[in-house]
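I have placed the structure first, in the form of structure tokens, so that the comments after it can refer back to it.
By convention in this document, chain letters (A, B, ...) are assigned in the order of the sequence lines, proteins followed by strands, and residues within each chain are numbered from 1. The model shown is predicted, which means the values in this text are computed figures rather than measured ones.
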Protein chains: 4
Amino acid sequence: MPENPTRPVSGDSGTGAVVRRGRPVGDREAKRAELLKAAASVIAQEGYAQTSLRKVAQRAGCTTGAVTYYFANKEELVTAVAESRFDSFDAMLATGRTRPDIRAILERWLFRTADDPEFWPVMSQLLAHARYEPAFAAVIERRYARHRDVLASLLATGQAQGSVRDDIPADLLADQLGAIGDGWTMMFPIEPGRFTASRVQALLDAAVTLIAPPSGAHRTSGS
Amino acid sequence: MPENPTRPVSGDSGTGAVVRRGRPVGDREAKRAELLKAAASVIAQEGYAQTSLRKVAQRAGCTTGAVTYYFANKEELVTAVAESRFDSFDAMLATGRTRPDIRAILERWLFRTADDPEFWPVMSQLLAHARYEPAFAAVIERRYARHRDVLASLLATGQAQGSVRDDIPADLLADQLGAIGDGWTMMFPIEPGRFTASRVQALLDAAVTLIAPPSGAHRTSGS
Amino acid sequence: MPENPTRPVSGDSGTGAVVRRGRPVGDREAKRAELLKAAASVIAQEGYAQTSLRKVAQRAGCTTGAVTYYFANKEELVTAVAESRFDSFDAMLATGRTRPDIRAILERWLFRTADDPEFWPVMSQLLAHARYEPAFAAVIERRYARHRDVLASLLATGQAQGSVRDDIPADLLADQLGAIGDGWTMMFPIEPGRFTASRVQALLDAAVTLIAPPSGAHRTSGS
Amino acid sequence: MPENPTRPVSGDSGTGAVVRRGRPVGDREAKRAELLKAAASVIAQEGYAQTSLRKVAQRAGCTTGAVTYYFANKEELVTAVAESRFDSFDAMLATGRTRPDIRAILERWLFRTADDPEFWPVMSQLLAHARYEPAFAAVIERRYARHRDVLASLLATGQAQGSVRDDIPADLLADQLGAIGDGWTMMFPIEPGRFTASRVQALLDAAVTLIAPPSGAHRTSGS
DNA sequence: GATGAATGAGGATTCATTCAT
DNA sequence: TATGAATGAATCCTCATTCAT
């Protein structure tokens, strides 16, 4: 009988690369990552309510027994999916952290879809379900708080440099931008047609203008 | 074990109406509204994924058969719930339309919870599920488009009057505010503790400041 | 009220095999055959319209879940029943093929009940339902065509040997005999009392006389 | 409360014409005939297993209450459908009874579809279900016995006139022809494509040849 | 370590029937 | 006379979970 598989994964497991350190065979983490990928895929394509362990197993090309072997139960699987998504989001934010270009960061923040088209659908499903799965809500709360802190300190830096308006505290600005990101996360899967490239650019310009210092305001164009 | 089906049920169903076999007064719409209320309540408290017709029936104090009598299937029920929620939101917006105070409108818009504490949870569940129920996504799209138009024209009026910044087109501003509202709709059920009255006021102030004309910017306080 | 699902079931399921949770010996085909037998039995005794997966499960001494585990859905189960019936009919025809006695063959063909008293009722139910289950009609068509071919070639041989009238093409004779078999298949379950042994013998004699060469006609006696 | 509606209809009600004698309004029999037609139509198109009172009511353009008002229960409705089908079959046979042309009679007997394309499907469904509905089997038995008698006496007449072979008793011949008719009744709905006009003619010729006196045998052609 | 057979509760939906109006 | 609201059991099917192998 395996050791209790309830131990959460804390490594970066969201980039799709299979992590292989030490023993290269029978890698438990690799198998878990594989299942997480399959689970995220099912959630994105079928919706949380229609996600079943059976479908995840089929997508991963294994048996139902394997899923419950690697994850104690459904809740644990879903929670792990959430963790891995946040990992991948964190990795995305970390990229190019060298030059803190506020526009580039916002772009990644608000339209976090570049490399992973399933990111938005998955996150919207997880967010919606968080309220009803306490262990799961905890993950969201913890990770979101961290994100808000990162974003707030980024904005504070911007305010100190004069590139961000300082008539609103950085933490409130971070909350507003976070809410905008969440709002788009929800709407994008429903109305993808409304989010053309040019519309996204215009929305981004508008967001930058909103948080720019008053003197730096510049006219943006609608779609 | 089922009860003898020939014995008429005479218990109180909760609304004070006595439930009987046979043909009661045919107030079809009232009964539908009652069921919609029950459905919304279940969705809010249990989440969409855990909502079943059986639970809705129990909450409404009737049998499952009664639910499927009034609504052809689950999809129809849920879609009707969505419509009714939008109706109540529209009614809320219409109230006090006489003086278009931008702050009051935003308050109602972004924190649409005053009279209906279940509004946010229900909407967040419906939004999340819209993608996977086409008939349902159609309702969302149609209603949201209307809302955005209303908000955009409101903001355009504000721009003409000088109370709203005009360096961003009204439709883009409306989109941003809509996204903020959706974002909070999602987060509020997950982290209600974060949305204290004072924090909500601060967020509202910040939002007003964001869309105010540059010259009218005024310092807001964080939480 | 359901029993505690953690307690393993240990009762005898009727066939002598002890039913247990977990992974038993994986004799998939044997279990399927067992379920098919149960299904045929239910169809024969209750009629297709009153056949449910639950009844099949009860007859087989297992749970409904087990049935849907071995057969994706009802249609697949019923189709498999049809195939297995045809298999058994084919096997019956093949028996004693050594001496092609036309009367013995007809007897087996028209009164295919010798070893399996449920054969007629099952076939009549399946036949009647075939029209409304395409996947199922396909099985019937394919198998019936083969049977007609076998019968026609048999009759052609008889014609060549002079034991079968040759003023009617063999394929038409085969169709007529096939129709007679189907007709009796339908009527036997409804009026079993009419099919006494002597009446069956008389019908068989009459059928043989019908297809005998004119010169070989001999007087048969009624019931 | 209406009088007990269990009294069976015994008039000719199968030609589709609405019977109106005496009081022309509120004609109970007319309404029943209308419902019977709807029921037969549903049985033919959906199959017995998929026939529900609701569907019958929809097809007839009335409420479910109306159906249970005119027929005590489903069994009574179905039994009445059977009676009406036999009525229409009897009427068909009675037509042109003046000159007892054996071939014309057989044609009507075996291919009773000329004026009512739903006749075969309905009869095949009713036949298949008869075994499991005693009240219903009784109707079948009684009516079939009458038909066999009619056919047997017809054949006996033919034998006396020398137009039918007399080496097989008339009652056995009638049974065989009846079985052929039933067999085709079953197969026609499943494989309509096999029953082309020319094939039907060939089958008919073959049947006539089968029962013709040995000396009168003539070569028929296959399809 | 990993499988997959089996479970049984619960899912949505359909149904024949009842009966107050 | 005729309606249609309401019932509750039964339908097929899916599910997370268990566990002998």
Side-chain angles (χ1 to χ4, degrees), chain A residues 1-3 26 28 31 49-55 57 62-70 72-75 77, chain B residues 1-9 19-28 31 50-55 57 62-75 77, chain C residues 1-9 19-28 31 50-55 57 62-75 77, chain D residues 1-2 26 28 31 49-55 57 62-75 77:
Chain A
M1 210 162 298
E3 57 164 323
R28 181 172 184 81
K31 185 74 177 176
Q50 305 303 327
T51 294
S52 69
L53 296 191
R54 188 175 311 181
K55 284 176 187 166
C62 66
T63 65
T64 52
V67 178
T68 55
Y69 175 72
Y70 284 101
N73 50 36
K74 192 182 183 182
E75 185 184 3
L77 171 63
Chain B
M1 210 161 300
E3 44 175 327
N4 188 333
T6 60
R7 183 168 55 84
V9 181
V19 176
R20 288 190 195 287
R21 266 305 198 49
R23 191 193 197 195
V25 195
D27 195 345
R28 188 169 178 81
K31 183 72 180 176
Q50 303 304 325
T51 295
S52 69
L53 297 191
R54 190 175 304 184
K55 284 176 187 167
C62 65
T63 64
T64 332
V67 177
T68 57
Y69 176 73
Y70 284 100
F71 297 93
N73 49 39
K74 192 183 183 182
E75 185 184 4
L77 171 63
Chain C
M1 212 161 298
E3 43 175 328
N4 188 333
T6 60
R7 185 168 55 83
V9 182
V19 176
R20 289 192 196 285
R21 267 305 199 50
R23 190 190 196 194
V25 195
D27 195 344
R28 187 170 179 80
K31 184 73 180 177
Q50 304 303 325
T51 295
S52 69
L53 297 190
R54 187 178 308 184
K55 284 176 186 166
C62 65
T63 64
T64 332
V67 178
T68 57
Y69 176 73
Y70 283 100
F71 298 92
N73 49 39
K74 193 184 182 181
E75 185 184 3
L77 171 63
Chain D
M1 212 163 297
R28 182 171 183 81
K31 185 72 179 177
Q50 305 303 326
T51 294
S52 70
L53 297 191
R54 189 174 310 181
K55 283 177 188 165
C62 65
T63 65
T64 51
V67 178
T68 55
Y69 175 72
Y70 284 102
F71 297 92
N73 50 38
K74 192 182 183 181
E75 185 186 3
L77 170 64

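For the pair B/K74 and C/A66, both in contact range of DNA chain E, the more 5′-proximal nearest nucleotide belongs to C/A66.
Between A/T64 and A/L53 the shortest side-chain heavy-atom distance does not fall below 4.5 Å. Side-chain contact check for B/T68 versus B/N73: every heavy-atom pair is 4.5 Å or farther apart. Contact annotation: the side chain of B/S52 never approaches that of B/K74 to less than 4.5 Å [non-hydrogen atoms, C-beta and beyond].
Between B/N73 atom CG and F/dT11 atom P the separation is 22 Å, expressed in whole Å. Going from atom CZ of B/R28 over to atom C1' of E/dT21 covers 17 Å, rounded to whole Å. As a whole-Å value, the separation of D/E75 CD from E/dA16 P is 13 Å.
The pairing partner recorded for F/dA20 is E/dT3, the criterion being a Watson-Crick or G-U wobble arrangement whose two distances lie under 3.5 angstrom.
Note on D/Y69: every side-chain N or O is 4.0 Å or more away from OP1 and OP2 of F/dT3. Between D/R54 and the phosphate of E/dA16, there is no side-chain N or O to OP1/OP2 separation shorter than 4.0 Å. When the side-chain nitrogen and oxygen atoms of D/S52 are compared with OP1 and OP2 of E/dC15, one or more of them lie within a distance under 4.0 Å.
As judged by a 4.0 angstrom heavy-atom cut-off over every strand, B/T68 is placed among the base-contacting residues.
Picking from F/dT11, E/dT17, E/dG8 the nucleotide with the shortest atom distance to the side chain of D/T64 gives E/dT17.
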